[in-house]
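Each chain gets a letter, A, B and so on, in the order its sequence line appears, and its residues count up from 1. None of the values given here were measured: they were computed from a predicted structure. Both backbone and side-chain heavy atoms feed into the values below; hydrogens, waters and symmetry mates do not.
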Amino acid sequence: MASAKLTAKDLLTLGFPSGKPVTIALQLIDTYYTDLARNHQIELLQDVLTAPEQYKLQATLGPLAQAILTQKSSGPIELKPGKQKFAIYGGENIEGGALHQMELAMRLPIAQAGALMPDAHQGYGLPIGGVLATHNVAIPYGVGVDIGCRMCMSIYDIHTGFIDKNQDKLKKMLLDNTRFGHTSFKRPMNHPVMDRPEFSELPIVREMKDRAYQQLGTSGGGNHFVEFGTVEIHDVNNDHDLPKGKYLAILSHSGSRRLGANIAGYYTKVAMDACQLPPDAKHLAWLDLDTEAGQEYWLAMNLAGDYASACHHQIHERLANKLTEQPMAVIENHHNFAWKEKDATGKEVIVHRKGATPAGKGVMGIIPGSMATPGFIVRGKGEAASINSASHGAGRLMSRTEAKKTLSLPQVRKYLQKAGVDVLGSGLDEAPMVYKDINKVMASQQDLVEVVGTFHPKIVRMNGDEKYIEVD
DNA sequence: ATGTCC
């Protein structure tokens, strides 16, 4: 009898090409060879792998042999040789790994143009802070795991002193009306996005519907937050007729939760099966938008984006209800997404922004700093070289593990106290000092955006034990 | 980012 069941990982270790050969091999074992001892199962599969020609006409092992042969004969897609040009902003403070990933992405045969934002750092496939324009293909890892990760700010005609006078009340308001990480609301509010046909039509999305409903109106972990702060409007040209002045604002950062993560994971695998790239570029696998899988991904990605937007709107709605006020303006934008846009010559391109703020001419957006440094309301300048994009934040200076190793709670509490910021939840890995200087980052993208308003966080809620960083 | 391994 077989002992430990063979897994995909075992087969990859044996040198099976990922994708169809692995899938078929596991199916064959499950269907015909469950009685065979594990080592004999492995021997059998290895025989087919080393000499697929001898097995290709066999009834049972034929399909596996064929899949291996197809993979071998097609070979990986070739990358363009040499360095391709792309614009880099704030390059003196961008890590080598992110730069290398962007250089690699530019060599894809489907790459039309690219740019690297000043907050860039290494990710899977495209770097975070990477922008890539392609023609009629979508790269799931060019969008990222958290599809539709976005910012939303509501601005209230409430004087800023209200925050200091109502500290405890506002803290409780955040604790009662936001949920982070693995927690969710006992009774989620419904939202029209849950009635979208994609929830019944796309298999991978259908499986996620219950979880998506459960997570409606919640925020994620890591760098996600909901905070009260003050915003100063410097420029009346702001799309919302906001007069110059100081206002109370609520700012949120979150994405599409488990729904988007599963969509990203599933379609990345589909892409990697359909699009074989050299090993170091494999996470940049794409889906042709004329194929069924490509169209499915496009629909699912857009759904995840709308779902993420719905989550933010519910967060802001809950808080607006408690404040018994309606905002004067709401400014929001995705920063992990792909859009159909026109390039300078009028040709339609798919613009992937993985941790980048849309900054077309006149387009409003939000670029946050950290829990204790300013964030900015910006208006895009429509700079073609940046593919109408800007950074999505300050960018990390220190890894999470390094932060936990080198920083201490008293040190961070002192910093927050000095900055006059209250933090509920979070941890050392999100401390302000793990991020680049947001003012320098903004300075390096003056050609990309104009600053319309400056936001200062005052009461911040993030994932984790509410008492962890709390300074009071 | 994510109940972080198909």
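One interatomic measurement links the two molecules: NZ of A:Lys5 to C1' of B:dC5, which rounds to 15 Å at whole-angstrom precision. One interatomic measurement links the two molecules: CG of A:Asn336 to P of B:dA1, which rounds to 9 Å at whole-angstrom precision. Distance CD1 (A:Ile128) to P (B:dA1): 9 Å, rounded to an integer number of Å. What separates NE2 of A:His283 from C1' of B:dC6 is a distance of 12 Å, to the nearest Å. In this structure, CD1 of A:Ile263 is placed 14 Å from P of B:dT2, rounded to the nearest angstrom. To the nearest angstrom, C1' of B:dC6 lies 12 Å from NZ of A:Lys282. Distance CG (A:Leu26) to P (B:dC5): 17 Å, rounded to an integer number of Å. In this structure, A:His253 places its NE2 atom 9 Å from C1' of B:dA1, rounding to the nearest Å.
Residue whose closest nucleotide on DNA chain B sits further toward the 5' end, between A:Lys269 and A:Glu430: A:Glu430.
Partners of A:Ala394 by side-chain contact (heavy atoms from CB on, under 4.5 Å), not counting sequence neighbours, listed by chain and number: A:Tyr435, A:Ile438. Applying the salt bridge (Lys or Arg N to Asp or Glu O under 4.0 Å) rule to A:Lys467 yields the partners A:Glu470; only residues at least two apart in sequence or on another chain are considered. When the side chain to side chain donor-acceptor pair (under 3.5 Å) test is applied to A:Glu92, no partner is found at least two apart in sequence or on another chain.
A salt bridge (charged side-chain N to carboxylate O under 4.0 Å, His left out) check over residues 298-312 of chain A, counting only residues at least two apart or in different chains, returns the pairs A:Arg196-A:Asp306.
For the contact set between residues 211-224 of chain A and DNA chain B, defined by any heavy atom under 4.0 Å, the members are A:Arg211, A:Gly220, A:Gly221, A:Gly222, A:Asn223, A:His224.
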Report all side-chain donor-acceptor pairs from residues 95-106 of chain A shorter than 3.5 Å, counting only partners two or more places apart or in another chain.
residue  : atom : partner  : partner atom : Å
A:Glu95  : OE2  : A:Gln122 : N            : 2.7
A:Gln101 : OE1  : A:Gly123 : N            : 3.0
A:Gln101 : NE2  : A:Gly123 : O            : 2.6

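Remark: the A:Ser399 side chain and the A:Thr401 side chain contain an N/O donor-acceptor pair separated by less than 3.5 Å.
For B:dA1, neither phosphate oxygen OP1 nor OP2 lies less than 4.0 angstrom from any side-chain nitrogen or oxygen of A:Arg257. Remark: A:Arg400 is in phosphate contact with B:dA1, judged by side-chain N or O atoms under 4.0 Å from OP1 or OP2.
For A:His335 and A:His253, the ring centers are positioned less than 6.0 Å apart.
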